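Below is one structure, written out as structure tokens; the observations come after it.
Below, read A as the first sequence line, B as the second, and so on, with proteins coming before strands; counting in each chain starts at 1. Since the structure is predicted, the reported quantities are computational estimates derived from the model, not experimental observations.
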Amino acid sequence: MRAPLMPTDDATRDEPLAEGARSDGLDVAAIEAKWRAAWDEARCFESRVEPGRPKYYVLEMFPYPSGRIHMGHVRNYAMGDVIARYKRARGFNVLHPMGWDAFGLPAENAAAERGIHPAAWTRDNIAAMQAQLKSMGLSLDWTREFATCEPEYYRHQQRLFLDMLAAGLVHRRASMVNWDPVDHTVLANEQVVDGKGWRSGAPVERRELLQWAFRISEMAEELLEAIDGLERWPDKVRAMQRNWIGRSAGASIRFELSAAAPDGAGEIEVYTTRPDTIFGASFIALSVDHPLIRSLEGGNPALAAFTAECRSAGTSEAAIEQGEKKGFATGLSVKHPFVPGLSLPVYAANFVLMEYGTGAIFGCPAHDQRDLDFARKHALPVLPVVLPEGADAASFAVGDEAYVGPGRLFRSDFLDGFEVETGKAEVIRRLEETGRGEGRVTYRLRDWGVSRQRYWGCPIPVVHCEECGAVPVPTSELPVTLPEDVTFDAPGNPLDRHPTWKHVPCPACGKPAVRETDTMDTFADSSWYFARFTAPDCAEPTDADAVDYWMNVDQYIGGVEHAILHLLYSRFWARAMKITGWLPAKAVEPFDALFTQGMVCHETYRAGGRWLAPEEIERGAGGAVTERATGAPVEVGPSVKMSKSKRNVVDPEAIIARYGADTARWFMLSDSPPDRDVEWTVSGVEGAYRFLRRIWRLTESAADTLPPAGAAPGALSDAAMELRRATHKAISEVTGDIESFSFNRAVARLYELANAISRAPSPEGDAGAGFALREALEAFARLAAPFVPHLSEEIWARLGCEGLLAETAWPEADATLLVRDRVVLPVQVNGKRRGEIEVSVDAPKDEIEALALADGAVLRALAGAVPKRIVVVPGRIVNVVV
RNA sequence: GCGGGCGUGGCGGAAUGGUAGACGCGGGGGUCUCAAACACCCCUUCCGCAAGGAGUGCCGGUUCGAGUCCGGCCGCCCGCACCA
């Protein structure tokens, strides 16, 4: 199907394109290197505080140094670069930095597997990825580059930690964790698969450990309310953050135990969002981790067996989803707060979470599905107390489905007749009156546990002393640096088993003590890097003048996978840094605008159950796809996110080597709206490459015949005017499209401008045509510069223009060229398009009506009918209504 | 279950309530060439020779006019979730 010289699906091979493809004299690799050197030389992209000059801070989420950039990076950074170059051309003092989110587990895994030190592995990766990013021609201020794994960065993070500790924003508390007994480490929920550690395969234990935690839950309400002000964030992300914080209003109710529990407890406090259904309560259920249950376990082996079983069950979603509602009757009972003589049995239940509310609920089976399932299983009463509109009070019953809708309360004593919402208020009022409970707001958001039993993270700057407790390391002794001499041949935390590092005198009393050997969650590193970029060499965490000038980030761009944790943590840190004096009040919401880009997808290929990479397949005549090496038929699967496991990845380095960075950038931005997924295709890349060469040929063929830049000669031909109008339309539209993040539309507008240039009259012997063509080509270069900066510079230079395009102002559209003096108006009859008329743009209505009614096609459609009304929308449309 | 989003040609996608399908990909035809490649030109929603008709997931509604707004369905994608 394809001729041999056409690059096909093996486009990821490194060979540059055949000579024939470059017969136009465009040596992509050479010009790209040349212009990058020119920008470096001119230091175009370095920025500094310039009081009084408007600034623009554009930031893309910084990468983890995995070793190679992937297409997701290309997309992310191409978008950010469009914004940065555009804003710079608009006269802003642009801050566009890059750095490395360099702590994390993969470095330790590499160390364990290959015997490389995590620091060496990370630094090598940074060097490799930095070279790759530089090859993209991004307008980054590399003088601000830093890696979070270097003491020059994390010393300040330790300082911030200590300030937060002093301000009460960090505390040490016991918390339940997933503990891998083989690897001797805490696992995140995502690292627990089917109840087993993802690496060790060992059954995970739930353990209580002392862990450092940021008190983010104290800020739940503020973090929630401030979401309303994030007007330039995607609704989706705002909704996700709201859900994550998970505010719910309800009541806590204290139920008096009929007989005191073994631990002396006299009551059980439950949390509910449906206090109005209190008269439908038929049982109490406690989490198996509830202190009362724990106190009962000792004297009740059957209960202990039950709780042990529940705790060993996986905490994964799937396990919970399939798990049935299990309960164990404790034999205890409580008194109903409003019904004298009524007692409710107390269960331990697997579906009650200790982490939410009070770890105890009252069950109202008629109006909660889980409670109903539980009640049916344990033969507990189901008492409807909410009567749906129109239902009969005497016969209304609940079967297998709980009634959770609105209605009026009944069989509820003093609540009878109340609506659900007013009933809630009334019962809360009564609870508060009798001292049996009160209204209470609960959040799903929990404190952020940051202790990690890892080596490759920021050391927590605390020393544990038997006498003094947890003692902060004095700021004068920062940084607490990671020891270099560590081994990864044994499970557990190398810091913990290091022979000397952790043994230090107590900073307070001087007696022998031990360092905290846990390191911080790497999310901490990325929670304030945006502030550090404003003054990366400052001796303190931030510089007041720099953060005052540069903050906030005007435009933040990254993947939606960070919609919750990273962004929420950053919002928390910004507030904490304001409290501790490291950020101004205006920066508590550090990201003014957020854009979340879609993923990069590619078709998938399988042969005989094996995944094949794109370069391993071949397309034959008739579209048949086969494996290149074996000729085996290949099954082509749907386009999904590029991933190593499905092998549907295309390496940006290979693409850049073959086509150049401009082609990669252009295609990445051309096809799909930036917030949607984009499918990477060879034909699309080919198309992008063809187009860039075409515009170069247009430049090349015209350049020597163009008049020098200057004022427009007196009269222009119609064709020249047509080109001028196309040029200024493109300027106007591309500008709007970049402002609205519609890069795919901007690209389409540039194709249109190129098409107009193709149709342009010859400049030879026609000064007006020459003027229009020069204007069009210069405009193309300037408008395309944010997308394809190297080629644009080359065109700019070829046209003999002064200076670097990277330092040239954005073009302005001439408004007089955007309006035409004559327009074609479609004419509808009853809303159906029947004909069109050409009128002068300011033609009076009656003239337009007369012309419309005289149009042949319109007359035919009217078929003699008399118009009842004629709607004329000036410059738009005419509609004849009969 | 809750929340968010999306349904438009063969494909990616355009379209302030105003000519649906811009622009690109793919496809077809042609020019150039000994022949290719490269490039350039024309065509390309569907039905129809044409005139014309139909058409933006489905059903209704508002409007002179609906892909767009409203109501109700259907389907797909993403996030969260024994959250009391």
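The backbone N or O of L445(A) lies less than 3.5 Å from no partner atom in the side chain of S217(A), so there is not a single donor-acceptor pair.
For C11(B), the OP1/OP2 oxygens have no side-chain nitrogen or oxygen of T681(A) closer than 4.0 Å. At the phosphate of A14(B), OP1 or OP2 sits under 4.0 Å from a side-chain N or O atom of N744(A). An OP1 or OP2 oxygen of C41(B) is reached within less than 4.0 angstrom by no side-chain nitrogen or oxygen of R759(A). Distances shown here put a side-chain N or O of R444(A) below 4.0 Å from the OP1 or OP2 atom of A81(B).
Across every strand in view, A22(B) sits unpaired, with no contact that passes the Watson-Crick or G-U test at under 3.5 angstrom. Across all strands shown, C80(B) forms a Watson-Crick or G-U wobble pair with G1(B), both key distances being under 3.5 Å.
Salt bridge status for R254(A) with E438(A): present, with a side-chain N to carboxylate O gap under 4.0 Å.
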How does protein contact run along nucleotides 50-64 of chain B, one letter per nucleotide 5' to 3', with B for base contact, S for sugar-phosphate only, - for none, heavy atoms under 4.0 Å? --SSS---------B
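Between Y403(A) and H367(A), the angle of the ring planes goes over 60°, which puts this pair in the perpendicular group of the 30/60° scheme.
Nucleotide G24(B) holds its C1' atom 14 Å from the CD atom of E679(A), rounded to whole Å. Atom CD1 of I877(A) and atom P of G65(B) are 12 Å apart (whole Å).
The same atom, C1', is picked in C46(B) and in A20(B); the two are 14 Å apart, to the nearest Å. Nucleotides G1(B) and G65(B), compared at atom P, are 38 Å apart to the nearest Å. Going from the P atom of G55(B) to that of G60(B) covers 12 Å, rounded to whole Å.
Glycosidic torsion of G9(B) falls within 90° of 0, placing the base in syn.
R274(A) comes within 4.0 angstrom of sugar-phosphate atoms only, judged by non-hydrogen atoms across all strands, and of no base.
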